[in-house]
There are 2 protein chains.
Amino acid sequence: MNTLAYGLLGLVARTPSSGYDLMLQLQPYWQAKHSQIYPLLAKLEQEGYMQFTRVHQTDRPDKKVYSITEKGEIALKLWLAEPTAEPVIRDELVLKAYCLQLTDEKAARAMFTERIEHCREQAESFMHIMQEMEQQTDGKHPDHPDHSAFSDYILLTWGYRRMQEDMKWCEWVLGLLEKGKADTE
Amino acid sequence: MNTLAYGLLGLVARTPSSGYDLMLQLQPYWQAKHSQIYPLLAKLEQEGYMQFTRVHQTDRPDKKVYSITEKGEIALKLWLAEPTAEPVIRDELVLKAYCLQLTDEKAARAMFTERIEHCREQAESFMHIMQEMEQQTDGKHPDHPDHSAFSDYILLTWGYRRMQEDMKWCEWVLGLLEKGKADTE
DNA sequence: TAGTGCATGTAAGCAGTTACATGATTGA
DNA sequence: TCAATCATGTAACTGCTTACATGCACTA
């Protein structure tokens with residue numbers, strides 16, 4: 001049982017889903033390819049944490065819809081009470097930023113503007129899902145812990161904020177680069 | 001040549017260092033254990049990207065001090081101009097936050113307060129290094145791209161801001177949990 | 001004398017990515 | 001007709017972690 005396994009358990013505990021769907025749902029919060037997810041789901045099913053039913057579809061390929069078992073729910077609750085691992089961040093841009101003096105201003109600026117663009121898109125995507133959610137939940141704001149969409153809401157906020165913060169840092173660096181260039185002229 | 005390899009190249013390009021020292025320098029920005037770094041350094045040396053000199057020490061074990069070669073510098077500059085990979089974040093807390101409804105308020109609060117404590121410590125550590133740096137650089141603020149400590153300064157700022165932002169999100173969630181509890185009473 | 005820091009390395013295993021493989025439907 | 005989306009899987013490989021292994025100097 002690794003972190004990804006618990007993540008999948010957490011998703012199916014809320015809504016029974018296919019492997020393909022789990023992959024898409026998990027994407028913004030834990031990057032995992034289908035080649036990692038499918039064998040793990042099979043293992044979780046064999047060990048009794050999940051069960052699946054084959055669902056026939058006419059317009060699309062058939063799918064396996066996984067749902068949590070009692071054993072799975074117990075394991076999930078135990079995991080929640082365990083100490084949480086520290087986050088791991090691996091950002092190539094940070095390593096490149098350390099070598100900024102080795103490159104020209106043009107390449108330096110490109111690095112940060114590309115990242116800003118990426119963050120802007122991601123932030124927009126998070127915001128879009130949040131707006132959809134607010135409309136679906138009959139106007140009730142999901143900021144209450146008892147609201148069914150509460151956890152979705154705090155996760156989306158997490159994603160949105162992270163993107164905003166990353167953008168701000170890049171813009172701050174770009175500002176310093178511009179200021180530095182102006183000084184030497 | 002993977003990202004970690006370029007990260008190590010970037011560090012030795014600035015200051016020739018031992019494997020042990022590189023591990024410590026890299027720690028806040030790219031988590032890598034010594035068992036991954038030592039074989040990689042050996043490979044980079046064999047392939048001509050780095051060279052090392054054995055430095056004898058009396059009070060401590062001898063060390064291998066690695067420095068960059070011409071080939072290494074060329075490779076490093078090419079890497080800087082290549083498109084940058086998107087960051088990877090794997091945070092167990094986010095996956096746990098999704099399952100918040102499955103646990104009690106006490107465990108939920110513990111999750112976020114522990115993270116806040118961790119971030120506070122990390123932020124303090126980043127801030128401490130920044131303050132030391134400002135004193136060493138004879139009062140000159142390292143916010144200019146030509147300053148020798150400019151890249152260190154922007155990386156430290158990155159780390160500090162990330163910790164601040166993570167803390168704020170946790171505090172925001174804790175606030176919502178408190179508010180929700182008060183409402184149901 | 002037990003633990004921490006400095007210093008380097010290997011081996012085994014788990015986690016994650018890339019590539020290979022198949023096949024239907026829908027839209028451009 | 002070509003690409004994309006849905007849907008599931010395996011194989012090979014790279015990246016990363018944990019554990020094993022050694023050894024000296026300093027400090028509590």
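This is a predicted model, so every value here is computed, not measured.
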| request: For the residue pair A:Tyr29 and A:Trp158, categorise the inter-ring angle as parallel (less than 30°), tilted (30 to 60°) or perpendicular (more than 60°). | output: tilted
| Between atom CG in B:Leu22 and atom C1' in C:dC6, what is the gap in whole Å? | 14 Å
| message | Can you confirm whether A:Tyr98 sits close enough to B:Gln25 that some side-chain heavy atom of one is under 4.5 Å from a side-chain heavy atom of the other? | response | yes
| task | Nearest whole angstrom, please: distance from the P of C:dA15 to the CD of B:Glu92. | result | 12 Å
| note | A:Ile37 atom CD1 is separated from C:dC14 atom C1', nearest whole Å, by 17 Å
| note | Looking only at D:dA7, C:dG16, C:dG5, the nucleotide nearest the A:Gln57 side chain is D:dA7
| field | Along DNA chain D (nearest heavy atom to each residue), the more 5'-positioned of A:Lys63 and A:Gln36 | value | A:Lys63
| message | Quick check for you: to the nearest 0.5 Å, what is the distance between A:Leu8 atom CG and A:Trp30 atom CH2? | response | 10.5 Å
| task | Rounded off to whole Å, could you give me the OH-to-P distance for the B:Tyr38 and C:dT10 pair? | result | 11 Å
| On DNA chain D, nearest-nucleotide positions of A:Lys64 versus A:Leu24: which is more 5'? | A:Leu24
| request: Report yes or no: is the cationic atom of B:Arg161 (NZ for Lys, CZ for Arg) closer than 6.0 Å to the six-membered ring centre of A:Trp172, at no more than 45° off its axis? | output: yes
| query | C:dA7 P sits how many Å from B:Leu41 CG, rounded? | reply | 14 Å
| task | Would you check, one step at a time, whether the test side-chain contact (heavy atoms from CB on, under 4.5 Å) holds for B:Tyr20 with B:Lys63? | result | CA-CA 9 Å; B:Tyr20 188 82; B:Lys63 60 181 174 181; over 6 Å; no
| request: Whole angstrom is fine here: how far is it from CG in A:Leu40 over to P in C:dG16? | output: 9 Å
| message | Please determine whether a side-chain nitrogen or oxygen atom of A:Arg90 lies at a distance below 4.0 Å from atom OP1 or OP2 of D:dC16. | response | yes
| message | Just verifying a value: how many Å separate A:Gln31 CD and A:Leu26 CG, rounded to the nearest 0.5 Å? | response | 8.5 Å
| query | Quick one: A:Leu26 CG to C:dT17 P, roughly how many Å, whole number? | reply | 11 Å
| request: Enter the inter-axis angle for the ends of the helix from C:dT1-D:dA28 to C:dA28-D:dT1 (five pairs per end, rounded to 10°). | output: 40°
Is there any protein nitrogen or oxygen under 3.5 Å from a nitrogen or oxygen in nucleotides 19-25 of chain D, and what are the pairs?
unit_1	atom_1	unit_2	atom_2	d
D:dA25	O4'	B:Asp59	O	3.3

| said: Just the rounded figure in Å: distance from P of D:dC16 to CD1 of A:Ile89. | reply: 14 Å
| task | Check whether any side-chain nitrogen or oxygen of A:Tyr20 sits under 4.0 Å from OP1 or OP2 of D:dT8, and answer yes or no. | result | no
| field | Sugar-phosphate only, base, or nothing, as touched by A:Asp21 at under 4.0 Å among non-hydrogen atoms | value | nothing
| field | B:Lys71 (side chain) donor-acceptor with B:Glu47 (main chain) under 3.5 angstrom | value | yes
Show which side-chain atoms of residues 72-81 of chain A pair as donor or acceptor with protein atoms under 3.5 Å away, not counting sequence neighbours.
unit_1	atom_1	unit_2	atom_2	d
A:Trp79	NE1	B:Glu92	OE2	2.7

